[in-house]
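When a ligand or atom number is given, it counts from 1 through the structure's own listing order.
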Amino acid sequence: MNKKNIRQEKLAFLKSSNKYNEEVILLRKLFELDEWKNASAVGVTLSMSHEINTYEIIKFALIQGKKVYVPHCDYKNKSMNFVKFTSPDTLYKDDKGIMAVKEPHVINNQLDLLIVPGVAFSESGYRIGYGGGFYDRFLAQFKGTAVSISLEGQLTSIEPEVFDEPVHLVITEQRTLTGVRI
Ligand SMILES: Nc1nc2c(c(=O)[nH]1)N(C=O)[C@@H](CNc1ccc(C(=O)N[C@@H](CCC(=O)O)C(=O)O)cc1)CN2
Ligand SMILES: Nc1ncnc2c1ncn2[C@@H]1O[C@H](COP(=O)(O)OP(=O)(O)OP(=O)(O)O)[C@@H](O)[C@H]1O
């Protein structure tokens with residue numbers, strides 16, 4: 001299956017599945033990782049309704065005194081920076097309907113831990129997102145740890161292309177997979 005078909009199939013799966021029970025397990029597994037415990041600056045998305053809920057991750061990070069950074073996309077140039085999240089009061093919906101932080105921004109791309117979103121993942125840590133290539137470009141120069149959180153049902157086999165950047169770890173409700181990222 002090509003990327004486009006995988007994306008369609010897994011998006012339909014995400015939109016139709018009740019994820020609550022799995023989310024509880026996934027969050028517990030994330031918070032147990034040494035990479036989580038040791039991180040002082042964490043990058044994470046502001047989830048859309050069909051995605052795994054990241055708001056609990058953000059809340060817990062702030063409670064633990066971590067700094068939280070969320071994506072700010074330039075959809076024209078296909079570039080992405082991480083900007084500091086302090087409060088839900090500073091959010092608005094961006095051009096693509098994704099929550100984002102209003103200006104002024106405090107940019108920090110030197111994150112210890114990046115929670116990388118995706119529609120589908122492979123057991124080697126390759127991923128398929130919405131096709132913008134934002135995370136492929138960002139991960140190409142990223143030095144920290146990249147972790148994805150995936151339902152077992154989002155796993156699939158992915159033929160990587162040259163520009164595809166894998167993550168270090170994929171956590172599912174059943175397994176923790178080590179990606180081929182070096
Ligand atoms: N919650 C969340 N935020 C995120 C991401 C994500 O996966 N989840 N991203 C992960 O990269 C970035 C945004 N990525 C995007 C990539 C492509 C399009 C886009 O081109 N959308 C199409 C329509 C998409 C569709 O309906 O299938 C368009 O506008 O034409 C939008 C966002 C950063 N923020
Ligand atoms: N490092 C890069 N430099 C330039 N273009 C890139 C780079 N990485 C990816 N791209 C381009 O971006 C697009 C990414 O497509 P792909 O379907 O892999 O995105 P995705 O992983 O689904 O999206 P995202 O990373 O936003 O979640 C491709 O067309 C590719 O040519």
Side-chain angles (χ1 to χ4, degrees), residues 1-17 19 23 26-27 30 42-59 61 68-85 88 90-103 105 107-109 111 113-144 146-151 153-171 179-182:
M1 238 200 309
N2 65 29
K3 274 193 179 177
K4 206 172 151 212
N5 291 337
I6 298 175
R7 187 178 287 127
Q8 268 176 2
E9 181 198 298
K10 297 301 185 187
L11 261 178
F13 163 75
L14 279 173
K15 286 180 180 171
S16 68
S17 62
K19 302 179 258 308
E23 280 173 343
L26 290 167
L27 293 198
L30 172 67
V42 177
V44 59
T45 57
L46 295 160
S47 55
M48 297 181 263
S49 57
H50 62 278
E51 296 179 318
I52 290 173
N53 184 352
T54 58
Y55 286 86
E56 296 301 321
I57 300 176
I58 295 172
K59 257 193 248 169
V68 173
Y69 296 87
V70 298
H72 184 265
C73 290
D74 181 334
Y75 291 106
K76 233 191 229 150
N77 296 318
K78 302 265 184 204
S79 65
M80 175 172 69
N81 282 311
F82 280 82
V83 302
K84 193 164 186 195
F85 173 92
T90 65
L91 298 182
Y92 74 105
K93 260 191 189 178
D94 75 7
D95 292 352
K96 302 289 184 185
I98 301 178
M99 300 307 282
V101 174
K102 286 181 205 154
E103 295 196 46
H105 290 149
I107 296 177
N108 177 14
N109 293 324
L111 309 164
L113 178 66
L114 183 63
I115 318 278
V116 180
V119 176
F121 298 93
S122 77
E123 294 191 10
S124 328
Y126 284 100
R127 48 177 290 286
I128 295 174
Y130 297 101
F134 289 101
Y135 277 86
D136 287 330
R137 279 188 205 83
F138 190 83
L139 286 169
Q141 48 73 45
F142 181 64
K143 301 279 186 280
V147 176
S148 289
I149 301 172
S150 169
L151 301 176
Q154 286 174 266
L155 296 181
T156 186
S157 112
I158 295 173
E159 274 302 323
E161 295 175 77
V162 282
F163 52 79
D164 281 335
E165 292 284 340
V167 295
H168 291 104
L169 282 181
V170 179
I171 304 174
V180 294
R181 187 173 178 78
I182 43 166

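If you check which protein heavy atom lies closest to atom 31 (C) of ligand 1, you get K96 CG, 3.9 Å. Of the protein's heavy atoms, D136 OD2, 3.3 Å lies nearest to atom 21 (O) of ligand 2. Ranking the protein heavy atoms by distance from atom 5 (N) of ligand 2 puts R137 NH2, 3.4 Å first. The protein non-hydrogen atom at the shortest distance from atom 14 (N) of ligand 1 is F134 CD1, 3.6 Å. The protein non-hydrogen atom at the shortest distance from atom 18 (O) of ligand 2 is K3 NZ, 2.9 Å. Atom 27 (O) of ligand 2 has R127 NH2, 2.6 Å as its closest protein atom, hydrogens excluded (heavy atom only). Of the protein's heavy atoms, Y130 CB, 3.8 Å lies nearest to atom 17 (C) of ligand 1. Protein heavy atom nearest atom 17 (O) of ligand 2, with residue, atom name and distance: R7 NH2, 3.0 Å. Of all protein heavy atoms, the one closest to atom 4 (C) of ligand 1 is T45 CG2, 3.9 Å. Protein heavy atom closest to atom 25 (O) of ligand 2, with residue, atom name and distance, is Y135 N, 3.0 Å. Among protein heavy atoms, atom 27 (O) of ligand 1 sits closest to L11 CD1, 4.8 Å. For atom 29 (O) of ligand 2, the closest heavy atom belonging to the protein is F163 CZ, 4.5 Å. Of the protein's heavy atoms, G133 CA, 3.4 Å lies nearest to atom 14 (C) of ligand 2.
Between D136 and D164 there is a side-chain heavy-atom pair separated by less than 4.5 Å. Looking only at side-chain heavy atoms (C-beta outward), T54 and I115 stay at 4.5 Å or farther from each other. Between E161 and K3 there is a side-chain heavy-atom pair separated by less than 4.5 Å. Between F142 and L111, some side-chain heavy-atom pair lies under the 4.5 Å cut-off.
The shortest N or O to N or O distance between P71 and ligand 1 is not under 3.5 Å. For the pair I128 and ligand 2, the shortest N or O to N or O distance does not fall below 3.5 Å. Of the polar atoms of E51, at least one N or O is found under 3.5 Å from an N or O of ligand 1, judged by distance alone. Residue Y135 places no N or O, backbone or side chain, under 3.5 Å from any N or O of ligand 1.
Looking at S47, its side chain never comes within 3.5 Å of a backbone N or O of E51 through a donor-acceptor pair. Between the side chain of R137 and the backbone N or O of G132, at least one donor-acceptor pair lies under 3.5 Å. Of the possible polar contacts, one joining the H168 side chain to the A146 backbone as a donor-acceptor pair under 3.5 Å is found.
Counting heavy-atom neighbours within 6.0 Å of E159 CD, excluding the residue itself, gives a total of 12 or less.
Rounded to the nearest 0.5 Å, atoms CD1 (I57) and CG (L30) are 5.5 Å apart. Separation of atoms OG (S16) and NE2 (H50) is listed at 11.5 Å; rounding is to 0.5 Å.
Residue G131 places a heavy atom less than 4.0 Å from ligand 2. No heavy atom of G131 sits closer than 4.0 Å to any atom of ligand 1. At least one heavy atom of C73 sits closer than 4.0 Å to an atom of ligand 1.
Of all the atoms in ligand 1, the ones that sit under 4.0 Å from a non-hydrogen atom of P117 are 6 (C), 7 (O). Close contacts of ligand 2 with D164, meaning ligand atoms under 4.0 Å from a residue heavy atom, involve 18 (O).
At a heavy-atom cutoff of 4.0 Å, ligand 1 is contacted by the backbone of L46 but not by its side chain. At a heavy-atom cutoff of 4.0 Å, ligand 2 is contacted by no atom of V119, backbone or side chain. Residue-level proximity to ligand 1 for S47 is carried by the backbone, the only part with a heavy atom below 4.0 angstrom.
P71 pairs with exactly one of T45, L46, I98 by the side chain to side chain contact (heavy atoms under 4.5 Å, CB included) rule, that one being T45.
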Donor-acceptor pairs are to be reported for all side-chain atoms of residues 76-84 against protein atoms at under 3.5 Å, with residues two or more places apart or in another chain.
residue: N77; atom: ND2; partner: D74; partner atom: OD2; Å: 2.8
residue: N81; atom: OD1; partner: N109; partner atom: ND2; Å: 2.8

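For Y130 and Y135, the ring centers are positioned 6.0 Å apart or more.
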